[in-house]
A.B. asks: 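Take a look at this one; I'll ask things after.
Bear in mind that the values here come from a model prediction, so they are computed numbers and not experimental data. Both backbone and side-chain heavy atoms feed into the values below; hydrogens, waters and symmetry mates do not.
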Amino acid sequence: MKNRVLSVIEKRLGKKVVLEKPKDKKFGHYATPVAFSMAKELRKPPFEIAKELCEKLKSEEIFAEVEPLKGYINFRLSEDFLDSYATAVLKNPERIISPIGNEKILLEFVSANPTGPLHIGHARGAVIGDALYRMGKALGYEIKREYYINDHGSQVYKLGLSIYLAGRESMGHEVTWPEGCYRGEYVYDLARDAMETLGRDHFVDESSVSRLAEWGKDRMMELIVRDLEKVGIYFDSFVSEKSLYDMWPKVRTVLEEREALYEKDSKIWLRSTRFGDEKDRVVVREDGRPTYLAGDIIYHYQKFKRSFDRYINIWGADHHGYIARVKAAIEFLGFDSSKLEIVLAQMVSLLKGSEPFKMSKRAGNYILMSDVVEEIGKDALRFMFLSKKSDTHLEFDVETLKQQDASNPVYYINYAHARVYSLFEKAGAEFGDVIEVELKNMNEEAKDLLFSALLLPEVVEEAFLKREANRVTDYLKALAAQFHRFYNENRVLGSQKERELMKLFATVAVSINKGLELLGIEAKKRM
RNA sequence: GUCCCGGUAGCUCAGCAGGAUAGAGCAUCGGAUUCCUAAUCCGAAGGUCGGAGGUUCGAAUCCUCUCCGGGACACCA
């Protein structure tokens, strides 16, 4: 809708224009401050320019009003124009969002280590990634979701060791836990499970730790996948770090050809400083074992070989120092590192009561995503994370999350949606029945509400391009509020404008429904 | 020390490719229901936009400095 309005204005004025939403609705649907920027070159006061421009634009039939005010030009869209959009929305709810994207995107997210269940911090990245996927897909992008499994390094061995020790301990043996072991309860569960499925003979001596590690890792992945499914998150592909190392000789040759590597202190270093990293990084240790970075280099080589137009990685903010070296590696490999975009998901601080507590996966002192889902439901969980920008710290109180009352915006939005459905039910009608109703002589509030309901596509577009799903949650909250107010002030059933208002409401409901769907949240038809 | 994120109402946060009187939710206080769900709505109160300079017609928004909070600075993944 915005693009349409913009093109009409630009065509008429013959110049590029910034179109914005006025801060206050009373100014109109859209506004442009273009007169300010023209003031200098024309050496005339903005309000005079605005006045002249208005005269040029008034004849456009998509506008009901074009008014100059203090240099701004304010536009009010015509009822016919809005109505035509409402009709289109109701005719084809599935295609509200028109495709604008033509890129192929590889979206990598979650990628949590398979050494423990997902905690609330992982959940944030998971939910953000999934929402991006849903929005991008609706906008016509071809997006693949990928999970990178860190199944190679020492942490997997430590998982095996932890299972072994937990088993020994529960058998009554005295054990000493080395630094860095996993001590969460799930380790004891795994040990018990291992005894049953693999046999107690795996707990005699440490020779079976590797076996336990392999087994435990697979178990954890199964659990992680199940947890994600419960929140409605799926992947198109999983890439195992371990499987990548076959390619290391080849990737290493590529790097060597480009003089990306050098040897020092009997280690192999990546010359990442050439592309802006603070220091060069070790990729192969003294004993010949590649570092984690080597794995990531191969992974990104393999990613870029698959020729996507863009790569989006969602990482925890603690990885931000890692960006420079990975981008450097990509450059060395001969690819364009600007195609790689990193979305950082900042830490989540949880409060319980008023006590802050830190999460640590390794210590086993953390909140499980699955527990939170069980308490507040996936929809509330998703909304919580999506309603804040990903790159800022998020703080919330677990106690608040447990409450299922009006303070939960998901309920508020759903309630608006449900009200529309209950109204249609009462009228014995369906959305399809009001498509052809013509909207005429509606009051200003109705037209404004309709306008708001039609904004979804441009909100989603901006949310996706800026990677800020919170624009959609904010929009839905505002739309719901506007609807509730209107609902309170206007009686629908039995009124002269019953059919018109029903069409308006249906459009609002479709917008809410679609908006929630893009966030992975189910719109309720009944509370 | 270097880098990243943040500092806006009592709390949690929007707004920041400069633009109209700085917004929302929660919490607080006061009101609204013979009528489509009051799980709602209306109203009140609440602000030196961390601080100081600068840029200009105009700064919460851009630049510099500075203070405060969180995080990252592995041959761990």
Side-chain angles (χ1 to χ4, degrees), chain A residues 18 20 22-24 26-27 31-33 35-37 39-40 45-46 69-72 74 111-115 148 150-156 158 180 241 265-269 278-279 281-287 289-296 316-324 344 346-347 349 351 356 362 384 387-397 400 403-409 411-412 414-416 418-427 466 468 470-471 473-474 477-478 480-481 483-495 498 501-502 505 526-527:
Chain A
V18 174
E20 51 189 40
K23 284 191 173 158
D24 192 322
K26 73 178 181 221
F27 293 128
T32 176
F36 290 97
S37 51
K40 216 169 222 173
L69 184 66
K70 295 185 191 169
Y72 284 87
N74 296 326
S111 298
N113 289 349
T115 52
Y148 180 50
N150 297 130
D151 54 1
H152 182 72
S154 59
Q155 87 279 7
V156 175
K158 272 180 190 150
E241 180 191 359
D265 305 331
S266 22
K267 299 159 211 168
I268 314 269
W269 299 71
E278 299 170 359
K279 51 187 259 195
R281 310 288 172 173
V282 174
V283 284
V284 181
R285 300 182 182 90
E286 218 165 337
D287 59 10
R289 284 158 46 234
T291 62
Y292 176 74
L293 178 59
D296 238 346
D318 52 340
H319 284 65
H320 92 263
Y322 208 73
I323 299 173
L344 290 180
Q346 277 287 354
M347 307 283 289
S349 319
L351 297 173
R362 303 189 189 265
M384 283 295 166
S387 60
K388 306 281 187 247
K389 279 192 298 192
S390 62
D391 63 353
T392 58
H393 300 259
L394 168 58
E395 181 177 293
F396 60 74
D397 197 317
T400 317
Q403 289 165 18
Q404 298 204 16
D405 59 21
S407 66
N408 187 340
Y411 282 80
Y412 184 78
N414 265 318
Y415 184 40
R419 273 182 149 172
V420 175
Y421 273 86
S422 97
L423 193 138
F424 268 79
E425 197 176 311
K426 210 142 237 172
K466 295 196 166 181
E468 292 177 354
N470 63 301
R471 286 170 183 275
T473 57
D474 289 348
K477 267 191 277 185
F483 171 81
H484 283 307
R485 182 186 312 132
F486 188 86
Y487 183 94
N488 256 269
E489 287 169 2
N490 298 274
R491 171 95 192 161
V492 175
L493 297 182
S495 81
E498 180 180 293
L501 290 175
M502 282 171 75
F505 278 22
R526 196 184 287 269
M527 300 305 285

A.B. asks: Would you tabulate the pairs of protein nitrogen or oxygen atoms and nucleotide nitrogen or oxygen atoms of nucleotides 58-60 of chain B closer than 3.5 angstrom?
C.D. replies:
none

A.B. asks: So, using side-chain contact (heavy atoms from CB on, under 4.5 Å) as the criterion, who are the partners of A:Asp287 when residues are at least two apart?
C.D. replies: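 Here the qualifying residues are A:Arg285, A:Arg289.
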A.B. asks: Remember a base hit wins even if backbone is also touched, and classify A:Glu278 as base, sugar-phosphate or nothing at under 4.0 Å, heavy atoms.
C.D. replies: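 Sugar-phosphate, backbone atoms only, no base.
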A.B. asks: How would you label the contact of A:Ser422 with the nucleic acid (heavy atoms, under 4.0 Å): base, sugar-phosphate, or nothing?
C.D. replies: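 Base, at least one base heavy atom under 4.0 Å.
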A.B. asks: Hey, does A:Ala427 reach any base, or is it just sugar-phosphate, or nothing, if we go heavy atoms under 4.0 Å?
C.D. replies: nothing
A.B. asks: Relative to A:Tyr487, does A:Arg419 satisfy both conditions: NZ or CZ under 6.0 angstrom from the six-membered ring centre, and within 45 degrees of the ring's axis?
C.D. replies: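 Yes - A:Arg419 lies over the ring of A:Tyr487, closer than 6.0 Å to its centre and within 45° of its axis.
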A.B. asks: Using Watson-Crick or G-U wobble geometry with both distances under 3.5 Å, which nucleotide pairs with B:rU64?
C.D. replies: B:rA52
A.B. asks: From the list B:rA74, B:rG15, B:rC5, which nucleotide is the closest neighbour of the side chain of A:Lys279?
C.D. replies: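 Nearest nucleotide to the side chain: B:rA74.
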A.B. asks: Give none if B:rA39 has no partner; otherwise give the nucleotide forming a Watson-Crick or G-U wobble pair with it, both distances under 3.5 Å.
C.D. replies: none
A.B. asks: Among the candidates B:rC13, B:rC76, B:rA39, find the nucleotide nearest to the side-chain atoms of A:Arg289.
C.D. replies: B:rC76
A.B. asks: For A:Trp269 and B:rA74, give me the distance from atom CH2 to atom C1', rounded to whole Å.
C.D. replies: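 Rounding to the nearest Å, CH2 of A:Trp269 and C1' of B:rA74 are 10 Å apart.
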A.B. asks: Could you go over nucleotides 6-8 of chain B and give all protein N or O partners under 3.5 Å, atom names and distances?
C.D. replies:
none

A.B. asks: What's the closest nucleotide to the side chain of A:Arg419 if the choices are B:rA77, B:rA38, B:rC42?
C.D. replies: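 Nearest to the side chain of A:Arg419 among the choices is B:rA38.
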A.B. asks: Is there a donor N/O on one and an acceptor N/O on the other, under 3.5 Å, for the side chain of A:Asp296 and the base of B:rA77?
C.D. replies: no
A.B. asks: Listed by chain and number, what are the side-chain contact (heavy atoms from CB on, under 4.5 Å) partners of A:Ser422, not counting sequence neighbours?
C.D. replies: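 Partners of A:Ser422 under the side-chain contact (heavy atoms from CB on, under 4.5 Å) test: none.
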A.B. asks: Applying side-chain contact (heavy atoms from CB on, under 4.5 Å), can you list everything that pairs with A:Thr473, at least two apart in sequence or on another chain?
C.D. replies: A:Phe383, A:Leu386, A:Ser387, A:Asn470, A:Leu519
A.B. asks: To the nearest Å, give me how far apart NE2 (A:His319) and P (B:rC3) are.
C.D. replies: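 Taking NE2 of A:His319 and P of B:rC3, I get 22 Å after rounding.
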A.B. asks: A:Asn490 near the nucleic acid: base, sugar-phosphate alone, or nothing, with a heavy-atom cut-off under 4.0 Å?
C.D. replies: base
A.B. asks: Specify the separation, in whole Å, of atom CE of A:Met384 and atom P of B:rA14.
C.D. replies: 14 Å
A.B. asks: Got a sec, which residues hit side-chain contact (heavy atoms from CB on, under 4.5 Å) with A:Val156, two or more places apart in sequence or on another chain?
C.D. replies: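 If we apply the side-chain contact (heavy atoms from CB on, under 4.5 Å) test to A:Val156, skipping adjacent residues, the hits are A:Ala213, A:Lys217.
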